[in-house]
There are 4 protein chains.
Amino acid sequence: MEADAAILQAARELLGESGYEALTMAGVAARAGVAKSTLYRRWHGKAEVVFAAALHPPELEPPDLGSLAADLAAVAAHIAGDLGQPAVAGALLGLMGEMAASPRLAGDLRGRFVAAERRLFATVLGRAAERGEVAPATDPDLALEVLLGRLLVRACFTGLPVTAAEGARTAAVLARGLTEEGR
Amino acid sequence: MEADAAILQAARELLGESGYEALTMAGVAARAGVAKSTLYRRWHGKAEVVFAAALHPPELEPPDLGSLAADLAAVAAHIAGDLGQPAVAGALLGLMGEMAASPRLAGDLRGRFVAAERRLFATVLGRAAERGEVAPATDPDLALEVLLGRLLVRACFTGLPVTAAEGARTAAVLARGLTEEGR
Amino acid sequence: MEADAAILQAARELLGESGYEALTMAGVAARAGVAKSTLYRRWHGKAEVVFAAALHPPELEPPDLGSLAADLAAVAAHIAGDLGQPAVAGALLGLMGEMAASPRLAGDLRGRFVAAERRLFATVLGRAAERGEVAPATDPDLALEVLLGRLLVRACFTGLPVTAAEGARTAAVLARGLTEEGR
Amino acid sequence: MEADAAILQAARELLGESGYEALTMAGVAARAGVAKSTLYRRWHGKAEVVFAAALHPPELEPPDLGSLAADLAAVAAHIAGDLGQPAVAGALLGLMGEMAASPRLAGDLRGRFVAAERRLFATVLGRAAERGEVAPATDPDLALEVLLGRLLVRACFTGLPVTAAEGARTAAVLARGLTEEGR
DNA sequence: GGATAAGCGAGACGGTACGTCTGGTCTTTCG
DNA sequence: CGAAAGACCAGACGTACCGTCTCGCTTATCC
């Protein structure tokens, strides 16, 4: 449907311009040239619209570049390319606030930002263990949390730029930290 | 004033119980046994009340334990002790959503969580550089962002426990990562 | 709309029961089984709701009963039937208090109680002049003010009954007073 | 006390400027250079302050000018001199609205405007009956209501001038109407 | 090819929180 | 010791938004 596209586009624009709080269902509908009921027919509320508008499921095959540092940098670049968009950061900020009230949304959000990446980290660290770069039991979640965490802090908190370069710096430190962990 | 204490206590309780969205000015007033106007006389809105209730300025002298890893672990424990409280995490979640709409609040929030810790990290990393543990030009912000970031992700996103132990793990990886950075 | 009727009915009841001051927008909404926002969507405030509820525009064709006294009595009976209702008197009491603050309301109120009746008095007195009962130049406004005034004083001030019979007494005195005026 | 005078003066000014609704206890206190608590120490609420400020007890000996018309004109002039002041009209408008809620105030107000004048009308009409101008059983209250009513309508409703001349016109019509009543 | 169902724009509605205002009480401070 | 200053409780006010709903109108489908 073309209404979908107009709605999500409008939502993205408003998110980028004024943030989650200021985004209004009526406002989105108006900018999209659509009735409010159309929004609610497709999604179940503001949170879902915003989620759908700004938070596409990411798709990245686990990189296999020959070293943990390189692999982590690739993943970090991917995350940075995502969080670096104002609409994504804005959506995240608002949606996080509603996680407490809505477990369903909390699940979606975690799935989007954590579960999906988890597989990547498991694979990447598994390969690194095979290569002998890290101890076999190294926890992939710690790596995920560190990488995501720093970029998230920059995107949602300090407002500092979230770029692939910054992701790479984090990846470098993290790779070194993990490498030495078991020794 | 004793009204202050009752209000902030009520706000903390409600934050911990139901989160930011569900917290109501009227609800806070009622639980505190206070008139709504008293809230508005002291603060300018829900955001400010929550900020005042949950986000006390932290106070920690830069630790000096002889090694970068130990110092970072101490700082991480401090942050974890803060973010680990449900009220703090709840407040943070909600307030972050309003940062886009209110630059003033954004400033306060950043001041509370970033600026205050920045001095600590500068000192800690400065001492580590003197000791030769890290390169002299090591960026303290990266360390801050990594440490804060991972705990924030756990507190606000995955809901996993935020403990001193987890802080210490992060600190260990980070210290190693930084140590090797310049070599 | 059926909401209108419920709202106005509720407002009339509350007006009659407890008067203007005690009437609350929330109270009206609750009794009408309606949301407060519905009240404000249709009217711009308490004053307008009360006006709409209690002060329907009166409709009376100028009576032509053959004598000034009879015509005035008919008009007086009409006014008495209006002001005699508790809701009307209650509304009037409250709304008059807000006339000073709101010129718009003052205009409405004057239109409702004065302008509408003015035509009647002009016609009635015109016919009486043709019949030779009163001087041609007799001021219709004086008659209106006397008739309305006495009933208003009883309705809003002394709380004495406002009936057609009282209206007739006033009309009788007034008719006689006007008749002789020019002689 | 000099505070009394300042308060009542301030109240009169605000009444004349913006009417009863817009008059605020805090506003009166501020303009009088006095604390709000001082108002409440002397009077029991806004209504009483306004009453005290604008509605002095009237003092008029029953006139005895030889004819009913003249006597009524004298009384009417007295009433007109009172109601003609903006502060008095403004006070009346507001206070009438609170009569329903406060029987005590209703009593005061009626005493001020009705009971006090009643004696006058009884005397005046009694003398007129002795003179043979009116039937002995003529109801003084009707005369009072007509005279007061018309001036009240002008003062509080239409905002037309309330002068002794207008009072005299009413008195003339009324006197004639009463004179003929018994014949 | 005309009935029929589905989608849509428009916007009223119930509900609820917000932040403001005022009335009236009570406490603290100063002359 | 009384008055000024003003904090405080209570609660109504009017606004904004959410999510539901009922209308017609348009469009595609199916008999």
Side-chain angles (χ1 to χ4, degrees), chain A residues 1-4 6-7 21-30 32-49 98, chain B residues 1-4 6-7 20-30 32-49, chain C residues 1-4 6-7 21-30 32-49, chain D residues 1-4 6-7 21-30 32-49 98 101:
Chain A
M1 325 258 179
E2 72 188 48
D4 271 50
I7 291 167
E21 289 285 327
L23 178 145
T24 285
M25 291 300 261
V28 173
V34 142
K36 219 164 34 122
S37 47
T38 300
L39 300 201
Y40 285 100
R41 201 172 302 115
R42 292 161 199 269
W43 300 281
H44 291 150
K46 173 170 165 175
E48 290 201 5
V49 171
E98 304 204 356
Chain B
M1 324 261 181
E2 74 187 46
D4 269 50
I7 292 168
Y20 182 87
E21 290 285 327
L23 178 147
T24 284
M25 291 300 262
V28 173
V34 142
K36 217 163 39 119
S37 47
T38 300
L39 301 201
Y40 285 101
R41 199 172 306 113
R42 291 161 196 271
W43 301 281
H44 292 149
K46 174 171 163 174
E48 291 200 5
V49 171
Chain C
M1 328 260 179
E2 73 187 45
D4 270 51
I7 292 168
E21 290 286 325
L23 179 146
T24 283
M25 292 301 260
V28 172
V34 142
K36 212 163 47 120
S37 46
T38 300
L39 300 202
Y40 285 102
R41 204 172 299 115
R42 291 162 195 272
W43 300 280
H44 292 148
K46 175 171 164 174
E48 290 200 6
V49 171
Chain D
M1 324 254 180
E2 73 188 46
D4 271 50
I7 292 167
E21 288 286 324
L23 178 145
T24 285
M25 293 300 263
V28 172
V34 143
K36 221 168 31 130
S37 47
T38 301
L39 300 201
Y40 284 100
R41 199 173 304 113
R42 292 161 199 266
W43 299 280
H44 292 150
K46 174 170 163 173
E48 291 201 5
V49 171
E98 304 204 356

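In what follows, chains carry the letters A, B, and so on, assigned in the order in which the sequence lines appear, proteins first and then strands, with residues in each chain numbered from 1. Note that the structure is predicted; figures quoted are calculated from it, not measured.
- For the pair A:Lys46 NZ and F:dT20 P, the computed distance is 15 Å after rounding to whole Å.
- Contacts between residues 33-41 of chain A and DNA chain E, defined by a heavy-atom separation below 4.0 Å, involve A:Gly33, A:Val34, A:Ala35, A:Lys36, A:Ser37, A:Thr38, A:Arg41, listed by number.
- Partner A:Leu39 forms a side chain to side chain contact (heavy atoms under 4.5 Å, CB included) with one of A:Lys46, A:Met25, A:His44, A:Glu48 and no other, that one being A:Met25.
- Closest approach of A:Val28 and A:Ile7 over heavy atoms only: CG1-O, 3.8 Å.
- Whole-Å rounding puts the C:Leu23 CG to F:dA12 P distance at 11 Å.
- Contact between D:Glu98 and D:Ala47 at its shortest, heavy atoms only, is OE1-CB, 3.6 Å.
- Going from atom CD of C:Glu21 over to atom C1' of F:dG11 covers 14 Å, rounded to whole Å.
- Look at CD on C:Glu48: it is 14 Å from P on F:dC13, rounded to the nearest Å.
- Computed from coordinates, the D:Glu98 CD to E:dT22 P distance equals 15 Å when rounded to whole Å.
- Across every non-hydrogen atom of A:Ala29 and A:Ala35, the tightest pair is CB-C, 4.0 Å.
- Nucleic acid contact class of D:Gly45 (heavy atoms, under 4.0 Å, all strands): sugar-phosphate only.
- Here F:dC18 presents its P atom at 15 Å from CH2 of A:Trp43, a figure rounded to the nearest Å.
- When the C1' atom of E:dT16 is taken as reference, atom CE of B:Met25 falls 15 Å away, rounded to whole Å.
- By the salt bridge (charged side-chain N to carboxylate O under 4.0 Å, His left out) test, D:Glu21 pairs with no residue at all, sequence neighbours left out.
- The line from CH2 of A:Trp43 to OG1 of A:Thr38 is 9.5 Å long, rounded to the nearest 0.5 Å.
- The distance between atom CD1 of B:Ile7 and atom C1' of F:dA7, rounded to the nearest whole Å, is 12 Å.
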